[in-house]
Every structure is written in structure tokens, then in C-alpha cells.
Amino acid sequence: MIIVMKPSATKEDIDKVIAKVKQNGLDINLSKGAETTIVGVIGNKKKIANLQMNMMRGVEKTVRITEKYKLVSRNFHPEDTVVDVDGVKIGGKDIVVMAGPCSVESEKQLDTAAEAVAKAGAKFLRGGAFKPRTSPYDFQGLAEDGLKMMRKSADKFGLKVVTEIVDKDDIDLIGAYADLFQVGARNMQNFQMLKALGKQQKPVLLKRGLSATISEWLNAAEYIVSGGNSNVILCERGIRTYETFTRNTLDLSAVAAVKELSHLPIIVDPSHGTGRWQMVAPMSRAAIAAGCDGLIIEVHPHPESALSDGDQSLTPKKFGQIMEELRKIAEVMGRKI
Ligand code: PEP
Ligand code: MN
């Protein structure tokens with residue numbers, strides 16, 4: 001349930017409402033907007049159902065919330081959340097672009113990619129050192145050596161590091177090199193890892209699971225936020241459908257849905273979303289027009305010899321051209337790259 005306070009409600013009114021909620025054995029989540037204050041009520045369903053708040057001074061109305069997720073819900077927190085990743089703000093006016101290879105392969109590969117994407121306006125270097133591969137015989141990543149290379153290349157070209165975590169026991173190791181933890185599609189419901197990421201403060205990029213509904217995805221985000229870490233960014237990366245021409249079906253309607261349902265920022269991954277480099281530009285343009293807060297794009301100096309996801313990787317030159325186009329779309333949307 002949320003309790004919407006009147007714009008004229010005083011601090012004393014709000015304090016009394018909070019006290020009553022707490023006396024009933026429930027918790028609160030306070031959201032103070034420019035005009036209205038919203039008191040979110042969290043806890044036992046029965047206790048919430050018995051709570052009578054409408055007659056209290058300063059209360060405009062109470063609204064019953066049917067979704068299980070609360071802290072990530074826009075009902076609880078109407079204003080957009082802006083996540084600050086070591087000075088780079090995601091969810092505000094800027095469209096933040098993250099780019100780089102699927103997997104970290106070598107220092108040279110990474111430096112070439114990092115230099116190009118930084119020059120084109122990306123703010124983050126992406127790259128996997130721990131790769132969740134469908135086949136155990138495929139390249140599994142360079143582990144800590146790869147993380148070291150990521151940090152070095154990113155620092156050299158003024159970029160932040162986003163990289164995937166596949167095991168909760170690697171939080172300290174990866175956290176020592178990365179600015180943003182990426183939880184991949186295959187781990188969206190790795191609840192032990194989500195809980196562990198909720199107990200630390202480094203921001204988390206939570207990709208949508210291969211077959212996850214929007215509600216399941218937001219509940220996964222709730223695991224992290226309810227643990228105490230509100231620095232969560234969502235990422236639409238395509239879902240599995242009957243279509244085979246594309247690797248996944250990029251659900252751009254999820255951007256609009258998430259904006260309606262949640263206050264968390266959302267970025268789009270057109271590389272995994274389509275699996276085809278030819279479709280990365282049009283889907284990136286569409287994603288910005290749909291209202292996303294950023295993009296994560298695979299870029300490889302030599303896509304034809306990439307150890308993973310070459311078919312969906314852009315050359316540095318192509319990436320540079322796309323960024324020019326995206327700047328114009330962003331401007332039309334009142335945003336900036
Ligand atoms: C990746 O970003 O390289 C990746 C494995 O993505 P996803 O989890 O979306 O498949
Ligand atoms: Mn990939």
C-alpha cells in the first residue's frame with residue numbers, strides 16, 4: 001500500500017502517519033517529491049489490509065499495490081532514479097553508451113576497442129572476463145587477467161568498466177576492477193547472487209532473463225534493492241520467441257513498460273537483442289526514441305575473428321558512424337550523448 005500525502009501536509013502529519021504504520025508492525029519507504037510525499041508501506045499482507053489511514057490528517061488517499069515488488073515500483077517512488085557510477089550519471093538527461101568486445105581477448109584487442117569507443121563518445125568499456133557460454137567447449141574468458149586488462153585500457157582512455165559476474169563469491173575480486181557489475185541474462189534469477197549484490201553498494205546492471213516477464217525482472221531488481229543497494233540499472237537484451245532470423249527478439253516495448261512501472265533507469269542491448277550487427281544501428285535509434293537511458297553495444301577491432309559474438313559486433317569505424325546518428329536522435333528526444 002502507498003499513502004499519498006496532501007501537498008499541504010505538515011512534517012508533523014507525516015511523522016504521525018509513519019508512527020502509526022510502525023506501531024502496526026510494518027515498515028515504511030519514504031519518497032519526498034517536490035509537491036507530494038509518498039509513504040510506502042511494506043510488510044505482512046494481512047497487517048497492511050487492516051491498516052486504516054484515510055482519516056488521518058494530511059492524507060490525500062491510500063492506494064493498494066498488487067505487484068509483489070515495491071521498492072523498485074514507480075508507485076512507491078514517482079521520481080526517476082539517477083544512478084551515479086563513479087561520476088557518470090545514468091537515468092538523467094544523458095544517454096550513456098557502453099561499448100567494447102563481448103569477451104576480453106588480449107591487451108591489444110581491448111586497447112584498440114577502448115580508444116575507438118572513447119573517441120566516439122562512449123563512457124564505459126564493456127567486456128567479459130567470466131563468460132557464461134552455452135557450450136563448455138567454448139571460450140570461457142580470461143578471468144582475473146581479463147579484469148586487469150579491462151581496468152588498464154579503460155583508465156588509459158578515460159572510461160568506466162562494466163563486466164559480468166557469474167558467481168557471488170567473485171564480488172570482491174570483480175569489484176576491485178569494475179565500476180559496474182553486470183548480471184547477465186542467464187543469472188537474472190540467481191537469487192543468492194542478487195542478495196549478495198544487494199549487500200554491497202557498487203551499482204548493478206541487471207539484464208533481463210532470456211524468458212523473463214517484466215514482472216519477474218522487476219522482482220529480481222527488488223532482491224538487490226531490498227538488500228540495501230538501490231543502485232540498479234535495468235537492461236533489455238531481447239527475449240526468446242519463435243523467431244529464428246534474429247538471435248533474440250528485442251522487446252523495445254519493455255522500455256516503455258519499465259518506465260511506467262518503475263523509477264529505475266533502463267538501457268538497451270541491441271547486440272544480444274538481435275544477434276546481427278546490421279540491426280544494431282536501427283535498433284539503437286529506436287531504443288533512444290523509445291526513451292531508454294543508455295545503450296550497451298558490442299564493438300570488436302576484428303569481428304570476423306572474435307572469440308565470441310562476432311556476428312553481432314560492430315567494427316570501430318561503424319560504431320563511430322552510428323554514434324553520429326544517435327546524437328541526432330538523442331537531441332530530438334531532449335537528451336544528450
Ligand atoms: C554479454 O553481455 O556478453 C552477455 C553474455 O549478455 P547476455 O547476458 O545478455 O546474454
Ligand atoms: Mn556477447
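Each ligand, and each atom within it, is numbered from 1 in the order the structure gives.
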Are [X] and [Y] linked by a side-chain donor-acceptor pair shorter than 3.5 Å?
{"X": "Arg247", "Y": "Gln312", "value": "yes"}
{"X": "Tyr177", "Y": "Glu144", "value": "yes"}
{"X": "Thr246", "Y": "Thr274", "value": "no"}
{"X": "Asp309", "Y": "His272", "value": "yes"}

Item checked: Test side chain to side chain donor-acceptor pair (under 3.5 Å) applied to Glu216 and Asn219, step by step -> CA-CA 5 Å; Glu216 286 164 342; Asn219 273 300; over 6 Å; no
Next item on the list: Report, in ascending order of atom number, the atoms of ligand 1 lying under 4.0 Å from any heavy atom of Gly184.
Entry: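 It comes down to these atoms of ligand 1: 8 (O).
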Checklist line | Contact atoms of ligand 1, heavy-atom distance to Arg186 under 4.0 Å | finding: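 Numbered from 1, ligand 1 contributes 7 (P), 8 (O), 10 (O).
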Could you check [atom] against the protein and tell me its nearest heavy-atom contact, residue, atom and distance included?
{"atom": "atom 6 (O) of ligand 1", "result": "Lys207 NZ, 2.9 Å"}
{"atom": "atom 9 (O) of ligand 1", "result": "Arg237 NE, 2.7 Å"}
{"atom": "atom 5 (C) of ligand 1", "result": "Glu164 OE1, 3.7 Å"}
{"atom": "atom 4 (C) of ligand 1", "result": "His272 NE2, 3.4 Å"}
{"atom": "atom 8 (O) of ligand 1", "result": "Ala185 N, 2.7 Å"}

Item checked: Residue pair Ile214 / Ala257: nearest heavy atoms and the distance that separates them ->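 That closest heavy-atom pairing would be CD1-CB, 3.6 Å.
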Margin query: With the threshold set at under 4.0 angstrom, would you say Glu298 reaches ligand 1 through any of its heavy atoms?
Written below: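 Yes, Glu298 has heavy atoms under 4.0 Å from ligand 1.
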Next item on the list: Could you establish whether Gly128 and ligand 1 come within less than 4.0 Å of each other, counting only heavy atoms on the residue side?
Entry: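 No; Gly128 lies far enough from ligand 1 that no heavy-atom distance drops under 4.0 Å.
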Less than 3.5 Å apart, which donor and acceptor atoms pair up between the side chains of residues 168-176 and the rest of the protein, not counting sequence neighbours?
none

Item checked: Under 3.5 Å donor-acceptor, Asp138 side chain and Thr134 backbone ->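 Flag not set: sc Asp138 to bb Thr134 has no pair under 3.5 Å.
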Next item on the list: Report the C-alpha distance between Asp13 and Lys6 in whole Å, list the side-chain angles of each, state the deciding distance to 0.1 Å, and finish with yes or no for salt bridge (Lys or Arg N to Asp or Glu O under 4.0 Å).
Entry: CA-CA 10 Å; Asp13 296 339; Lys6 287 181 182 156; over 6 Å; no
Note to self: Pairs of nitrogen or oxygen atoms closer than 3.5 Å, one from Lys131 and one from ligand 1: do any exist?
What the structure shows: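 By distance alone, the answer is yes.
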Notebook entry, point to check: So, is Cys102 polar-close to ligand 1, with some N/O to N/O distance under 3.5 Å?
Noted result: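 For ligand 1, there is no N or O atom that lies under 3.5 Å from one belonging to Cys102.
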Notebook entry, point to check: Under the criterion side chain to side chain contact (heavy atoms under 4.5 Å, CB included), which of Leu26, Leu51, Val39 is the partner of Met1?
Noted result: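 When side chain to side chain contact (heavy atoms under 4.5 Å, CB included) is applied between Met1 and each of Leu26, Leu51, Val39, only Leu51 qualifies.
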Note to self: If you apply the rule side chain to side chain contact (heavy atoms under 4.5 Å, CB included), what do you find for Met5 with Glu60, and how did you get there?
What the structure shows: CA-CA 5 Å; Met5 302 300 294; Glu60 172 130 5; over 6 Å; no
Checklist line | Atoms of protein origin (N, O or S) under 2.8 Å from the Mn ion (ligand 2) | finding: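 N, O, S partners closer than 2.8 Å: Cys102 SG, His272 NE2, Glu298 OE2, Asp309 OD2.
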